[in-house]
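Take a look at the structure below.
Because only heavy atoms are used, hydrogens play no part in the values below, and waters and symmetry mates are left out as well, while side chains stay in.
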Number of protein chains: 2
Amino acid sequence: MPRKPAPDTRERILDAAADLFDRRGVHAVGMQQIIDELGCGKQLLYREFSSKDQLVVAYLERSARAWEQTVVAVCAVVDKPEDQLVELVRTVQGMAPNTRGCPLRNTHAEFPDPDHPAHQVSLRHFQDVREQLRELARQTPAADPDKLGDRIMLIIDGLYVSGSTLGPTGAAATAVGLARDVVRAEIAAAAV
Amino acid sequence: MPRKPAPDTRERILDAAADLFDRRGVHAVGMQQIIDELGCGKQLLYREFSSKDQLVVAYLERSARAWEQTVVAVCAVVDKPEDQLVELVRTVQGMAPNTRGCPLRNTHAEFPDPDHPAHQVSLRHFQDVREQLRELARQTPAADPDKLGDRIMLIIDGLYVSGSTLGPTGAAATAVGLARDVVRAEIAAAAV
DNA sequence: GTCTATACTTTGATAGAC
DNA sequence: GTCTATCAAAGTATAGAC
């Protein structure tokens with residue numbers, strides 16, 4: 001084992017934790033497993049995250065940030081807002097099949113207690129995403145932007161679920177086409 | 001009080017278990033809680049279900065049966081297959097907001113291990129539903145029935161997720177309208 | 001002093017015995 | 001129906017390596 005400067009301890013812990021949480025679920029992963037995976041001591045983990053709940057919250061916030069970055073990346077590559085919406089769906093379609101679904105959705109399902117911080121953080125994320133998609137839709141010439149944003153969100157939610165269970169050839173395969181149709185229809189309705 | 005005839009023991013146990021599982025999640029509910037809810041002895045429960053896993057499987061199979069009955073009920077009330085698809089979405093929209101989402105989806109998220117019986121039962125259900133929706137779509141004059149069935153499934157999945165998190169005024173509010181548009185578009189495409 | 005590794009305490013669950 | 005064996009996991013504390 002090399003020396004331990006460990007300035008990026010937090011990130012390394014989150015890397016290991018996220019990998020395990022994503023694959024096996026939060027409840028199924030014990031703190032000891034994360035420690036074993038890291039090859040570090042218990043002290044270090046509990047120094048950074050004083051409880052499992054806090055670790056889970058950090059994991060969720062990080063997953064939420066990853067989504068933000070996805071949106072930023074898509075918007076940087078694609079010009080028109082209407083194409084950005086479709087491209088977002090395509091991006092999710094590319095990711096979902098290899099995973100167990102959206103980390104935030106899965107963790108939300110694992111923590112039904114409304115008082116639990118993990119529940120609150122994920123719920124907040126869903127509200128943010130909805131507003132974000134509506135905002136994006138408002139930049140298109142859609143007749144009803146809020147409706148369009150909500151429909152894209154519905155498609156993304158369904159895509160995550162279908163894609164992670166039935167795989168890329170399941171119902172998820174139709175998501176991008178559906179998104180395109182939805183965007184087109186809403187813009188056509190405005191042109192009348 | 002009459003002696004123990006208990007022909008419906010299984011159902012009574014499942015009633016109590018389903019109620020708790022639906023509201024708090026499977027992992028969060030202990031066998032003792034179910035027993036307390038029933039007011040019965042532990043023996044009785046373990047006589048019917050020799051382990052928690054078996055109880056969970058029975059709970060899932062029962063939830064799957066409930067879905068089948070929903071489909072049957074909708075098909076009995078509504079005539080045309082194209083209307084049946086839309087009505088199914090409307091039915092889910094009516095149920096989802098008061099619940100924590102689809103019991104099968106939630107439990108699936110709680111048991112990521114592919115070897116776990118709960119995982120397998122729920123996965124099987126998703127495959128069945130997909131085939132069922134495609135079959136229904138084949139009875140419509142849709143241009144591409146399989147695509148139509150898949151899109152309805154995607155909408156239902158998204159609806160369950162959105163409806164149970166953001167509530168009936170969230171993105172879920174657009175689901176029925178979207179389903180109607182999708183059905184119409186697919187039938188219009190066939191008329192060309 | 002900082003990090004690893006391990007032992008220990010407490011809690012809560014399944015499951016079976018009486 | 002209560003009582004108990006067993007086990008796993010969250011945290012805490014401590015002993016020891018660099």
Side-chain angles (χ1 to χ4, degrees), chain A residues 1-60 106-107 110-113 115-119 121, chain B residues 1-6 9-10 12-14 16-60 106-107 110-113 115-119 121:
Chain A
M1 286 293 217
R3 205 80 174 95
K4 259 301 156 49
D8 58 341
T9 309
R10 249 185 117 83
E11 279 309 305
R12 275 182 45 245
I13 294 173
L14 279 173
D15 283 340
D19 184 59
L20 289 166
F21 288 161
D22 283 344
R23 286 207 321 258
R24 300 186 216 171
V26 172
H27 281 310
V29 174
M31 295 298 256
Q32 190 60 52
Q33 286 178 265
I34 298 168
I35 286 157
D36 292 346
E37 188 74 16
L38 278 166
C40 74
K42 240 179 194 188
Q43 229 175 359
L44 197 69
L45 199 165
Y46 278 99
R47 194 88 76 194
E48 290 297 325
F49 304 97
S50 60
S51 72
K52 186 176 180 181
D53 280 357
Q54 291 194 18
L55 176 59
V56 173
V57 166
Y59 156 69
L60 291 177
N106 287 333
T107 308
E110 281 196 82
F111 293 89
D113 180 3
D115 294 332
H116 197 286
H119 186 95
V121 169
Chain B
M1 304 307 134
R3 208 74 186 104
K4 265 226 280 307
T9 308
R10 252 185 114 81
R12 275 181 45 246
I13 294 173
L14 279 173
D19 184 60
L20 288 165
F21 288 161
D22 283 344
R23 286 207 319 261
R24 300 184 218 174
V26 172
H27 281 310
V29 174
M31 296 297 259
Q32 191 58 52
Q33 286 178 265
I34 298 168
I35 287 157
D36 291 346
E37 192 75 9
L38 279 166
C40 273
K42 191 175 275 193
Q43 248 174 311
L44 202 69
L45 200 164
Y46 278 99
R47 194 86 76 193
E48 291 295 326
F49 305 97
S50 60
S51 72
K52 186 178 180 181
D53 279 357
Q54 290 194 20
L55 175 60
V56 173
V57 165
Y59 156 69
L60 291 176
N106 286 333
T107 308
E110 279 196 83
F111 293 90
D113 179 3
D115 294 333
H116 197 285
H119 187 95
V121 169

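Remark: Tyr46(A), Ser51(A), Lys52(A) in residues 45-56 of chain A come within less than 4.0 Å of DNA chain D through at least one heavy atom.
Between Ile35(A) atom CD1 and dT6(C) atom P the separation is 12 Å, expressed in whole Å. Going from atom NE2 of His27(A) over to atom P of dA8(D) covers 18 Å, rounded to whole Å. The interatomic distance linking Phe21(A) (CZ) with dA9(D) (C1') rounds to 13 Å, in whole Å. One interatomic measurement links the two molecules: CD of Gln32(B) to P of dA15(C), which rounds to 13 Å at whole-angstrom precision. We find that CG of Leu44(A) is positioned 11 Å from P of dA5(C), with the value rounded to whole Å. One atom, CD1 of Ile34(B), and another, P of dG1(D), lie 17 Å apart when rounded to the nearest Å. In this structure, Asp36(A) places its CG atom 19 Å from P of dC3(C), rounding to the nearest Å. Gln43(A) places its CD atom 11 Å from the C1' atom of dG1(C), with the value rounded to the nearest Å.
Checked by atom type and distance alone, the side chain of His119(A) pairs as donor or acceptor with a backbone atom of Phe111(A) at under 3.5 Å. A donor-acceptor contact shorter than 3.5 Å is absent between the side chain of Glu48(B) and the backbone of Leu45(B). For Lys52(B) (side chain) and Val26(B) (main-chain N/O), a donor-acceptor pair under 3.5 Å exists by modelled atom type.
Between the CD1 atom of Ile13(B) and the CZ atom of Phe49(B) there is a distance of 5.5 Å, given to the nearest 0.5 Å. For the atom pair Thr107(B) OG1 and Leu60(B) CG, the distance stands at 5.0 Å (nearest 0.5 Å). In this structure, OH on Tyr46(A) lies 6.5 Å from CD1 on Ile35(A), to the nearest 0.5 angstrom.
Contact detail for Gly25(B) and Pro112(A): the closest heavy-atom pair is N-CG, 4.0 Å. Residue Ala28(A) comes nearest to Gln33(A) through the heavy atom pair O-OE1, 3.3 Å, listed as atom of the first residue, atom of the second, then distance.
At a cut-off of 3.5 Å, with distance as the only test, no side-chain donor of Asn106(A) or Glu110(A) sits close to an acceptor on the other residue.
In the set dG16(C), dG1(D), dG11(D), dG16(C) carries the atom at the smallest distance from any side-chain atom of Lys42(B).
Nucleic acid contact for Gly30(A): sugar-phosphate only, since backbone atoms but no base atoms lie under 4.0 Å from a heavy atom of the residue.
Residue order along DNA chain D, read from the 5' end via each residue's closest nucleotide, puts Cys40(B) first among Cys40(B) and Gln33(A).
Comparing the end axes of the helix from dG1(C)-dC18(D) to dC18(C)-dG1(D), each fitted to five base pairs by superposing C1' atoms of four pairs onto the next four, gives an inter-axis angle of 20° (nearest 10 degrees).
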